[in-house]
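Below you'll find the structure, written out as structure tokens, and then a few comments.
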Amino acid sequence: FPTRRSSDLWNWCTSGVVPQSKVYYHVIGVWNQEESTASIYVNGELKNTIPVNGNFNFATGKCNWFCLGADPLDEEKAHQAWTGDLVLARAYDKPLTEAEAQAVWVKLQDEINPSDMVQLNNCVNNATVTGAAHTAAFVANAASTGDATLAIHIEGSTNTGAVTGDTQTGGFIGNAKVAAIEINESKNAGKVDGRYHVAGFVGRTEKVGDASLAIYNSVNTGDVTAATTSAAGFGGRTDTNNYFENCTNEGNITGTGCVAGIVGNSGASIYNCSNTGRIYSPATGGELKIGGLVGNSGTAVTIVGSFNTGDVVGERGTITDDKKGQAAGLIGVISQPFTIENSYNTGNITGAGNNCGGLVGWESAAKEFTIKNSWNAGNVYSGYGENAGGIIGGATGKPTPHIINCYNTGTVENAKNASGIAGWLGGGTGEITNCWNVGKIKNYDGAKTLYRHSSALTTTNSYDVSETVEEPNYPAPTGYTAEWL
């Protein structure tokens, strides 16, 4: 806890506590002008008091602002930044006494209530687990009562045992209705089988308040199979606020619909994640909604710095409506705004109807979306229906797309309306900027090979230079070669 005496001299009131990684501390620093002292408390305990003389003076010049976790350097910048997380900050208008500082810590402990925390660190399961509904290797079913204050934290843990259940089945957690779940540096290598809401990590989370699911630095290598819907490497159906970072799925994921490498049936923020496993649906449920990272989402999705290299394969199965055959490299179907940046797909995409895409299959609710600095090199194919694109298959109504700095090199084929960038954009405003296609286009059914059906769209510096567009009435544009681009 430092106080400044002059431009280059500080009074350092140190606690003597050496912080441990991934441990939170409650720290109070007190300057008492009347007593000419500075004190520091850690977790309610007085650690040090030193003499400090002088007056309080507001900063002058360009540093007259307050910063949490760093020291203001000028009008816009700070330095000497704290490396870590700040969860709670308070400023008081008087110096706290020792009793008051201890009381703050006691009250905060009551608010946190450690008895409401399930914490599993460095746990290993190698046994086979078999059950009915709510089956998992570590937490089968967890439910909060009242205000849902229960939280689950799992760190450095591994499951290698096969897990077989019915509904809500996961390698780590079967079903949870809790305030927060956090899983870090963990691995599932066990095969997971269930009926629906099945995943390598968390089968199902139920929404209660602002409940959250966060998984970091983790990997799933186990195959996951749902007899019906919602199968994924990390979250089968997660109705919470979801966050995934540095997560990798290598297992093969199978289900009738809402199937994906990261999350099957939910929105999420996804950073630096990847799927290399095969995503497969026999479509016996009547609708695909499959993607390399996200199968289906009714909430917003953000994907940054992520990729899919696994094949995404959907069969015709019992599908009788072409509108239900969606498949894509990153997101199968979404009905809310989404952002994709610095991401790509190289897996081959096979759908069973309308709206199949290299990155996104179907934007189903005329929302604004952004796809930026991203690309597709996988082949996109559906022998049924229409609307296939190297970047996005189709969008409903009048969406507002922003497709910027993107390209496609994969072959795109559908029965109708295949295009290099977007199969169908619904007549909305928006832009395609600095985009290009060199992939073969089969059955594009129109004069524009980059996109279909959007008269209000603005295109800038965007070109189709495929040399083998297969449509006798509309030959490929000439003048720009792949080498020139």
Side-chain angles (χ1 to χ4, degrees), residues 158-160 162 170-172 183-193 198-202 215-226 230-236 242-255 258-266 268-281 288-296 301-315 327-332 340-351 356-361 374-381 390-391 408-410:
T158 301
N159 172 58
T160 63
F172 278 65
I183 301 174
N184 185 40
E185 294 184 350
S186 296
K187 179 179 181 179
N188 175 64
K191 189 176 186 296
V192 182
D193 294 291
V198 184
F201 275 75
V202 181
I215 303 180
Y216 308 90
N217 310 312
S218 297
V219 60
N220 175 67
T221 61
D223 292 345
V224 176
T225 301
S230 301
F234 290 88
N242 305 309
Y243 184 90
F244 303 93
E245 183 176 355
N246 296 328
C247 292
T248 298
N249 175 65
E250 299 174 3
N252 297 321
I253 313 297
T254 301
C258 302
V259 186
I262 302 297
V263 58
N265 192 4
S266 296
S269 295
I270 299 174
Y271 290 83
N272 302 323
C273 293
S274 62
N275 173 67
T276 61
R278 183 175 187 255
I279 309 301
Y280 171 70
S281 173
L288 289 184
K289 298 182 178 180
I290 59 176
L293 302 183
V294 178
N296 175 63
V301 170
T302 298
I303 297 176
V304 177
S306 300
F307 65 86
N308 172 65
T309 61
D311 289 345
V312 179
V313 180
E315 296 182 357
L330 300 184
I331 304 174
I340 296 174
E341 291 189 6
N342 304 322
S343 299
Y344 67 88
N345 170 66
T346 62
N348 293 323
I349 311 302
T350 302
C356 298
L359 302 185
V360 180
S374 299
W375 52 274
N376 172 63
N379 298 327
V380 180
Y381 170 81
I391 300 298
N408 171 65
T409 63

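Only heavy atoms go into these numbers, but all of them, side chains included; no hydrogens, no water, no symmetry mates. The structure presented is a predicted model; accordingly, all values stated were derived computationally and were not measured.
- Taking CD from Glu245 and CG from Asn217, the interatomic distance works out to 6.5 Å, rounded to the nearest 0.5 Å.
- Interatomic distance, CD1 of Ile303 versus CG of Leu293, reported as 5.0 Å (0.5 Å rounding).
- Between Asn308 atom CG and Ser274 atom OG the span is 9.0 Å, to the nearest 0.5 Å.
- Scanning both residues, Ala231 and Ala226, for their nearest heavy atoms gives CB-CB, 3.7 Å.
- The two atoms that bring Thr225 and Val198 nearest to each other are O-CG1, 3.9 Å, heavy atoms only.
- Annotation for Gly305 and Ser343: closest pair N-OG, 3.4 Å, computed over non-hydrogen atoms.
- Residue-environment remark: NZ (Lys187) stays at or below the threshold of 12 foreign heavy atoms within 6.0 Å.
- Note that OG of Ser218 and CG of Asn188 are 10.5 Å apart. Values are rounded to the nearest 0.5 Å.
- Considering CD1 of Ile270 and CZ of Phe234, their distance stands at 10.5 Å, rounded to 0.5 Å.
- Taking CZ of Phe201 as the start and CG of Asn249 as the end, the distance is 9.5 Å to the nearest 0.5 Å.
- Ring geometry for Tyr243 versus Tyr216: interplanar angle of 30 to 60°, hence tilted.
- Pairing each heavy atom of Ser281 with each of Leu288, the nearest pair is OG-CD2, 3.5 Å.
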